[in-house]
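Both ligands and their constituent atoms are indexed starting at 1 by order of listing.
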Amino acid sequence: MGIASSQQNNCTAGKPMIEKKIFANGFEYLHVSNQSAEAEIALQGAHLFHYRRHGDSPLLWLSSLSHFEHGKAIRGGIPICWPWFGKHSSNPNLPQHGFARTAIWEHVETKEKDDSTTEITLQLKETPESLSLWPHSFCLRLQIIVSETLQLRLITTNCDSDNFVITSALHSYFGVSDIRNVRVSGLDQTPFLDTLTMQREVQDGDIRINQEIDRVYQGVANSLELSEDNRRILIQNEGSQSSVVWNPWIEKSRGMSDFNNDGYQNMLCIETANAMEDERLLAPGATHTLGVIIS
Ligand code: BG6
């Protein structure tokens, strides 16, 4: 899609740079670049859809059929699932994975800590529309640190006069060369719910993928590793005891209009979550942080 206009802040040759860009349909995003990496973040959903360390290939998978359109979640990158993960627990008509990924967030702060480290903060607060879906006042902040590592911290504050419960996820789509060569370690002996069969099982060894997978692991340790050939990605979670591992494989890929038919071969979601039993109850004024450092 063509870029209609672009507004540059703080641009000096060789120095960190943030540019606000707009697709021809009005869809806005930030282009961040510094001496270690570059990233792109849509204001819809505070959705980071590209990150690449200079000299490396992109870290995250992004479907070439993805919509960059208001009201439709981007397929790839790191969608923010909030204030519920997956289907709503009591109302199937509410949007899957909550409303934060299709809401328009505000870019509230940029900190250029040094030439190689840029911190961007985006914020979402309740609106009449959010209150019609979820009747609570909240302040949600996403801090993204673009540096040699990629760091995200999703900070929920309860601004209501009642408790509320959230489930959520940083729904990372990792790009891989060939899904059949991928190994996920760090979950050996971890219990999981297989949401395809609704059976509860326990992981035995590393995860290898040769068919559809959709699992919610519980009691997850802080560090997971995705590896293939000579590449290793370390995923360090904060404020999370659950992880979701998802690959739609052949049939489900074909059933999604924004997913390339063979896209399943080049992606794997490993999601840093507060899902199912790992839901969080926040009292008025309380804050919870769900974070990930990817290196
Ligand atoms: C995963 C879920 O987190 O997200 C899957 O475990 C789901 O069940 C997938 O299919 C994609 O969801 P969506 O709403 O982005 O198509």
Side-chain angles (χ1 to χ4, degrees), residues 42 44-49 60-89 91-103 133-134 152 154 166-176 179 182 184 187 190-201 203 207 209 211-218 220 224 226 235 237 240-279 290 292 294:
Q44 175 177 287
H47 193 140
L48 184 138
F49 59 91
L60 302 166
W61 181 82
L62 176 65
S63 169
S64 61
L65 301 177
S66 184
H67 304 289
F68 284 88
E69 261 173 58
H70 292 130
K72 293 185 178 164
I74 297 168
R75 178 67 68 190
I78 310 188
I80 305 297
C81 305
W82 189 96
W84 59 88
F85 171 81
K87 292 191 172 57
H88 187 270
S89 56
N91 184 348
N93 298 322
L94 291 178
Q96 159 129 316
H97 291 325
F99 54 81
R101 65 176 176 165
T102 49
L133 299 169
W134 194 66
L152 275 78
L154 180 68
I166 52 168
T167 54
S168 57
L170 304 170
H171 189 310
S172 309
Y173 285 77
F174 292 98
V176 302
I179 189 67
V182 165
V184 180
L187 290 166
T190 304
F192 67 87
L193 175 71
D194 183 332
T195 65
L196 302 173
T197 60
M198 293 314 277
Q199 297 295 310
R200 289 198 179 257
E201 297 184 41
Q203 180 64 37
I207 305 176
I209 293 139
Q211 59 184 5
E212 182 183 0
I213 181 169
D214 196 349
R215 298 178 180 171
V216 183
Y217 287 83
Q218 292 290 348
V220 172
L224 306 181
L226 185 165
I235 302 161
N237 299 324
S240 160
Q241 291 181 341
S242 50
S243 291
V244 180
V245 179
W246 178 61
N247 180 296
W249 213 249
I250 300 167
E251 289 309 315
K252 288 230 172 111
S253 298
R254 293 196 173 139
M256 287 184 273
S257 63
D258 59 355
F259 207 106
N260 325 57
N261 281 355
D262 54 5
Y264 74 94
Q265 297 175 6
N266 301 116
M267 55 72 67
L268 180 64
C269 287
I270 304 178
E271 307 166 33
T272 300
N274 290 134
M276 301 178 62
E277 299 94 288
D278 190 25
E279 66 181 22
L290 175 69
V292 67
I294 304 169

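- How far CD1 of Ile80 is from CD of Gln44: 12.5 Å, rounded to the nearest 0.5 Å.
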Between the protein and ligand 1, are there any N or O atom pairs that come within less than 3.5 Å of each other, and if so, what are their names and distances?
unit_1	atom_1	unit_2	atom_2	d
ligand 1	3 (O)	His171	NE2	3.1
ligand 1	3 (O)	Glu271	OE1	2.9
ligand 1	3 (O)	Glu271	OE2	3.0
ligand 1	4 (O)	His97	NE2	3.1
ligand 1	4 (O)	His171	NE2	2.9
ligand 1	6 (O)	Asp214	OD1	2.7
ligand 1	8 (O)	Asp214	OD2	2.5
ligand 1	12 (O)	Gln96	NE2	3.3
ligand 1	12 (O)	His97	NE2	3.4
ligand 1	14 (O)	Gln96	NE2	3.0
ligand 1	14 (O)	Arg101	NH2	2.9
ligand 1	15 (O)	Arg75	NH1	3.0
ligand 1	15 (O)	Arg101	NH1	2.9
ligand 1	16 (O)	Arg75	NH1	3.2
ligand 1	16 (O)	Arg75	NH2	3.1

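- Among residues two or more places apart in sequence or in another chain, the side-chain hydrogen bond (donor to acceptor under 3.5 Å, both in side chains) test is passed with Asn260 by Ser63, Ser64.
- Relative ring orientation between Tyr173 and Trp246 is described as perpendicular, the plane-to-plane angle rising above 60° on a 0-90° scale split at 30° and 60°.
- No side-chain N or O of Ser253 forms a donor-acceptor pair with one of Asn261 less than 3.5 Å apart.
- Taking the side-chain hydrogen bond (donor to acceptor under 3.5 Å, both in side chains) definition, one finds that Lys87 meets it with nothing, sequence neighbours left out.
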Kindly list each side-chain donor-acceptor pair under 3.5 angstrom involving residues 95-102, sequence neighbours excluded, with atom names and distances?
unit_1	atom_1	unit_2	atom_2	d
His97	ND1	Gly86	N	2.8
Arg101	NH2	Gln96	O	3.2
Thr102	OG1	Phe99	O	3.4

